Undergrad: 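Right, I'll just put the structure down here and ask away after.
Nothing here was measured: the structure is a model prediction, and the numbers come from that model. For ligands, and for the atoms within them, numbers begin at 1 and follow the listed sequence.
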Amino acid sequence: MVGIIDTHCHLYYENLYKEVDSVIRRAVDNGIEAFVVPGVDAETSLQALQLAEMYSMIYAAVGIHPNSNVQNLKLELEQVQNLLSHPKVVAIGEIGLDYYRNKENAKDQQQLLMLQLRMATEFRLPVILHNRNAIEDLFDCVLKWQDSIRPSQDHKELGVFHAFSEDVSWAKRIIQLGFSIGIGGTITYPNANKLQEVAKGIPIDRLVVETDAPFLPPQPYRGKRNEPSYLPIVLDKLSIVLNQDRKTLIEMTNQNSKILFGIN
Ligand SMILES: [Zn+2]
């Protein structure tokens, strides 16, 4: 049977890692087939990869998050780059821009992002993008990347805008470039109209699901730690919003995720 793929979960954070065996078992019992674990700096990228080596259904993404307080950027980037040839590294991420937590260093964030986008080109990997209050600049960076570098790339899966929080017109512009949209627990919140419009407004082959565990739990678990076994709640909601039967939705998002990350 085809399972659900959690395209974004941080299983190395202590509150999940301390019982990672049972976290994974509960998820598998609830129909999760595979997990993509993105790092946020060199250390957590390595931890993600170690998890991927321990569990066949875990895949790693490596990268430096815009909010990571990196002391020696050159060294940190080198450490990340050294992991990129590993067969279980399926993406560069999570990378991006976050002006919510810090706007003062916007230029530095953009520079770090561009460096990592170029690594993605070099290693022919998709990217996992984080955005908070920075969609205009993030879109500009991605355009610049596409125009100047990306044409040398021979596959069209550019990556995913994870935990998408913008409106449907942004979603359409992003999809046009060749990106997917990652939707998680926030679609189950009572005020999720905007995100539900996004889900309805994009072609289903551009949709992937994620928990962002331990963050952003679905409605019944708000205020608690999130984990991949809660992902079926997101699919239940999507099934209602899209008026699409659950099984088809699981099959389609499963296939989308596998194409995006080159997973078999
Ligand atoms: Zn994340």
Undergrad: Which residue pairs pass the salt bridge (Lys or Arg N to Asp or Glu O under 4.0 Å) test with at least one member in residues 127-142, sequence neighbours excluded?
TA: none
Undergrad: Counting backbone and side-chain atoms alike, does H65 have an N/O/S atom under 2.8 Å from the Zn ion (ligand 1)?
TA: no
Undergrad: Taking N, O or S atoms only and a limit of 2.8 Å, check whether H130 reaches the Zn ion (ligand 1).
TA: no
Undergrad: Are there more than 12 heavy atoms of other residues, nucleotides or ligands under 6.0 Å from atom NZ of K172?
TA: no
Undergrad: Any side-chain donor-acceptor pair under 3.5 Å between T211 and N226?
TA: no
Undergrad: If the threshold is 4.0 Å, N to carboxylate O, is there a salt bridge linking R173 and E166?
TA: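 So R173 does not pair with E166 through a salt bridge.
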Undergrad: With the Zn ion (ligand 1) at the apex, how many degrees lie between OD1 of D212 and NE2 of H10, rounded to 10 degrees?
TA: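 An angle of 90° at the metal.
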Undergrad: Quick check: of its N, O or S atoms, which one does E94 have closest to the Zn ion (ligand 1)?
TA: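 Going through the N, O and S atoms of E94 one by one, OE2 ends up nearest to the Zn ion (ligand 1).
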